[in-house]
Structure formats: structure tokens, C-alpha cells
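The structure presented is a predicted model; accordingly, all values stated were derived computationally and were not measured.
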Amino acid sequence: MAITPVHEKRDIITRGESLAMKGVGILLIVTHNLAHLLGVTKHDCNEFNFEQESANLLYDVLLHPSHNIALQLSSLVGYCGIYIFLFLSAFGLVRKYEQGAAQAPAPHAFVALHYKKLWKLMLPGLLAAILVRALLPDFAIPLKRCILTQAFMVSNWMNPPYDYVIPGPYWFLGMMVEVYVIYRLFLYVPQGGARWRKWLPPIVFAGITLAPQLYWSTAGWQMIYLRYNFFVAGLTFAAGLIVARYGGIPRLRRRWWALVCVASVALFVVMQQSAVLWILSCLVAAVSIIAFVKALPPIVMPPLEWVGKISAFLFIMHPVVRYFALVMKGTIGNHLLVALYLIAALLAAAAYHRIAPHIPWPKWLR
């Protein structure tokens, strides 16, 4: 009897579902990156380190909802959109280089390929951000050392990293370079590779990245430094590798996926009350987004898929648009401001998506 390879099973994650998940993830990230600067919550989110006040505030927002609840939740937990990108990045690498027709280049060529891809994506946004900061009031041209470290995507290595990343969300790009290096050197399994390599290295990677976070779970700068780098990626990236290699997503009806989504969201909220569980909740956040998309009716998928297609460009352009939104802060209502910001960011991303293929890069960058 013929056996269907695991990467051809239709009940894992289809291309349309993957795009929709990216769409949901990037919308969470984009709204969060403005909402948490609008002062709708008393404390910042627990993205890079754990503070009990922020955890308590999440419960207070849910138990005493106000007209600002959407912005408050976006401010407190919208950053979790990054976890679905880490999961899907691992999933996609396995599909392309381990189960597809593409041959993985040698490690140095692989890293150079993905580094150049991220660098070309980032550079127009970085130049636009510098120009906008120079022109708008209340902002200043970044220091040369900040421009240089971000230009080479090594801001994550500085101490403290958040003083060097321009614009702020671009920290994710440097972290992804680190993840690509680790994947190609230690986590990649060529076709026909030993079976133990498919599961043991991802588990070891998850353990190595979780151990120092658990040790410094209530620390300050140590946790911040770890989570600006590849340590934040360990659990969800390892899960993406294992799911892609073993097909660990069952086939369920939409109503069951909706139940999984509700249950995982509830579990995620409960896990925010403990520093240790908060570190582990990244995987639950990814599961909730996967379940949410799989529970959606087909009619709402095309818009999310479109957003997913331009998600990389939206990630680059939304911090630039955010500068304009911050200048308008206080002049109009927060809800209207976020809506205009989202529309402007989507338009800017769509324009960048159309222009990007026509940028005349030198031959060595093509």
C-alpha cells in the first residue's frame, strides 16, 4: 500500500492557512506596537521580562472590561504574534530544504542567502525610518552607533539592546539571523538523515534556550538580553520543526478547532500569573493562533491570506508609519488613531511589496 509522505498530508497546515496565520500574527504585532505606547495600561507588557504588575493588570482588564479593552489586550499580549512566525519559519524551512526539491546550500552560503534576504528587506525601511525621524518633531536622528549596529543587524548583541534597535521592532530581524545560523549548523536534517536527528536536536535546542530563562525568570536585564536574542525562539521554533517532520496536527472539524482555540487562550491567560509558566506560554500562544485560523470559515480567509502575503513588508513599514501616529497621539481618539495607522501601514506595505522586485540591487546582492 502506498504511503503518503508526511509533508503531503492535507491535514497539517495548508499554504492558505499558513498565510492566514501570518496575517493574524502580523496584525497582532502591528497593533501591539502602537497600542502599548498609547498609555491605555498602567504597565508595559511582559514581552522581554516578567513583572507581576503586568500579569495582574491582564486579569483586571478581563474581569473589568471597558471601552478600551481591545487596545488594552493588544498592549498586554499582542506581542505574541511573533511566536506564530517562529513556528511557521521552522515549518517552512523543513518543507523547503528537508522535504522539498530545494537543496540546502552549504552553511556559509545558506546563512549568506538568508542574511541578504533580510538585509534587502530591512534597508529601505531603515533609511525611511531615519529620514522620518529627521523630519518629524519630537524625534531625532539616531546616533551613528545605533545606525551601524542596526544596519548590520547586530543590535541584539548590544547592552542594553533596546537602546540600539532602530526602529524598535527590527530586533526580530537580528534574532532571525541567529536562528538561521543555528538551524543550518545544528538543526537541519538532510533527506535520508538519521531518524534521531529529526527529534533530538530540536529538543536539545528548546532545553538550552529555556534553561537560562527559567534560571533568570524573575530577573531584569538578564532576561531582557536573552529574549532579544535566539533564546526567545527555542520552544516555538523547535515545535515547528517537529510538527513539520512528524505531522503532529490532527484533522478536526472547525467547531473542534474553535474549542481548542478557546481552551488554549484560557490556558495562556492562566499561565501569565507565573514567571515560569509565562516563559512556556509562547507555545500555547502559537497553538491558539493555529486553532483560530483553522476554525475560521472559508469566506474570511482571503483577506487574511492577502495580509499574510505582505506580512514581511508590513513588518518593515509599520514602525515607520508609527512615527506619524505618535505625532498625532492625543489629537484624535485612540481607536481612530489605531484604525488610521493600520490602514496607512497596510497601504505602505502593499506599495513596498509592489516596488521591492524593481529595486536595482547590485549583482552581489541579487
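- In this structure, the side chain of K96 does not engage the main chain of A104 through any donor-acceptor pair within 3.5 Å.
- Considering every non-hydrogen atom in both Q191 and G100, the closest pair reads NE2-O, 3.1 Å.
- One hydrophobic cluster, built from ILVMFWY side chains closer than 4.5 Å, cannot hold both I26 and L347; they sit in different ones.
- For the pair L210/F231, no side-chain contact is recorded, criterion being any heavy-atom separation below 4.5 Å from C-beta on.
- No continuous path of ILVMFWY side-chain contacts below 4.5 Å connects V181 to V189, so the two sit in separate hydrophobic clusters.
- A distance-only check finds a donor-acceptor pair linking the side chain of R184 to the backbone of P105 [under 3.5 Å].
- When side chains are defined from C-beta on, D44 does not count as touching E51, because their heavy atoms never get closer than 4.5 Å.
- Enclosure of atom NZ in K120 by more than 12 non-hydrogen atoms of other residues, nucleotides or ligands within 6.0 angstrom is indicated.
- Residues Y97 and F110 place their aromatic rings such that the two centres sit under 6.0 Å apart.
- Using the six-membered ring where Trp is involved, H318 and Y341 have ring planes that are perpendicular, over 60° apart on the 30 and 60° scheme.
- Using a 4.5 Å cut-off on side-chain heavy atoms (C-beta onward), C45 and H32 make contact.
- Under the 4.5 Å side-chain criterion, counting only non-hydrogen atoms from C-beta, S217 is in contact with I279.
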Derivation and outcome, side chain to side chain contact (heavy atoms under 4.5 Å, CB included), residues L304 and L19: CA-CA 7 Å; L304 288 176; L19 288 172; over 6 Å; no
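- A donor and an acceptor atom, one from each side chain of Q213 and W278, are nowhere located under 3.5 Å apart.
- Both M122 and F152 belong to a common hydrophobic cluster when Ile, Leu, Val, Met, Phe, Trp and Tyr are linked at side-chain heavy-atom distances under 4.5 angstrom.
- Remark: F324 CZ to M328 CE distance equals 11.0 Å, nearest 0.5 Å.
- For Y352 (side chain) and L121 (main-chain N/O), a donor-acceptor pair under 3.5 Å exists by modelled atom type.
- Distance CH2/W361 to CH2/W119: 5.5 Å, rounded to 0.5 Å.
- By the 4.5 Å heavy-atom criterion applied to side chains, P190 and R197 are counted as neighbours.
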Derivation of the side chain to side chain contact (heavy atoms under 4.5 Å, CB included) call for L283 and F268: CA-CA 9 Å; L283 188 56; F268 173 84; over 6 Å; no
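- A distance-only check finds a donor-acceptor pair linking the side chain of S264 to the backbone of V260 [under 3.5 Å].
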Side chain to side chain contact (heavy atoms under 4.5 Å, CB included) between F230 and M176, worked out: CA-CA 7 Å; F230 67 90; M176 282 306 302; over 6 Å; no
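- Across all their heavy atoms, W306 and A350 have their closest contact at CZ2-CB, 4.0 Å.
- V40 and L63 are assigned to two separate hydrophobic clusters, defined by single-linkage of ILVMFWY side chains at heavy-atom distances under 4.5 Å.
- A donor and an acceptor atom, one from each side chain of N56 and Q273, are located under 3.5 Å apart.
- Looking only at distances, a side-chain donor or acceptor of Y59 sits under 3.5 Å from a matching main-chain atom of V269.
- A salt bridge does not link R227 to E47: none of the charged nitrogens lies less than 4.0 Å from a carboxylate oxygen.
- No side-chain heavy atom of W199 sits under 4.5 Å from any side-chain heavy atom of R245.
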Verdict with reasoning, Y323 to F139, per ring-ring contact (aromatic ring centres under 6.0 Å, His included): CA-CA 8 Å; Y323 288 128; F139 295 104; 4.9 Å; yes
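- Residue V262 is not grouped with residue L267 when hydrophobic side chains (ILVMFWY) are merged at heavy-atom distances under 4.5 angstrom, including chains of intermediate members.
- Panel note: side chain S74, backbone A70; no donor-acceptor pair is recorded below 3.5 Å.
- No side-chain heavy atom of L296 sits less than 4.5 Å from a side-chain heavy atom of W257.
- More than 12 heavy atoms of other shown residues, nucleotides or ligands fall within 6.0 angstrom of atom CG in L336.
- Here the straight-line distance linking atom NZ of K22 with atom CZ of F315 works out to 13.5 Å at 0.5 Å rounding.
- F205 and F186 have their aromatic ring centers separated by at least 6.0 angstrom.
- Remark: K116 NZ is packed, more than 12 non-hydrogen atoms of other residues, nucleotides or ligands lying under 6.0 Å away.
- In this structure, L93 CG and L88 CG are separated by 11.0 Å, a value rounded to the nearest 0.5 Å.
- Heavy atoms only, all atoms of each residue included: P161 and N156 are closest at CB-O, 3.8 Å.
- Counting non-hydrogen atoms of neighbouring residues, nucleotides and ligands closer than 6.0 angstrom, the OH atom of Y79 exceeds 12 such neighbours.
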Evaluation steps, side chain to side chain contact (heavy atoms under 4.5 Å, CB included), between F172 and L86: CA-CA 10 Å; F172 189 80; L86 291 169; 4.2 Å; yes
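- The heavy-atom pair separating M158 from Y225 by the smallest distance is O-CE1, 3.3 Å.
- At least one side-chain heavy atom of R322 sits under 4.5 Å from a side-chain heavy atom of P169.
- Around OH of Y215, the count of heavy atoms belonging to other residues, nucleotides or ligands within 6.0 Å does not exceed 12.
- Taking CG of L326 as the start and CG of L136 as the end, the distance is 9.5 Å to the nearest 0.5 Å.
- Across all non-hydrogen atoms, the minimal contact from G81 to I29 is C-CD1, 3.7 Å.
- The existence of a salt bridge linking K294 and E17 is confirmed by a sub-4.0 Å separation between a basic side-chain nitrogen and an acidic carboxylate oxygen.
- Side-chain N/O atoms of T41 and Q72 include no donor and acceptor closer than 3.5 Å.
- Looking at W171, W157, Y164, Y170 one by one, the single match for ring-ring contact (aromatic ring centres under 6.0 Å, His included) with Y228 turns out to be W171.
- Interatomic distance, D163 CG to S155 OG, rounded to the nearest 0.5 Å: 10.5 Å.
- What you find for A286 and I84 is that their closest heavy atoms are O-CD1, 3.9 Å.
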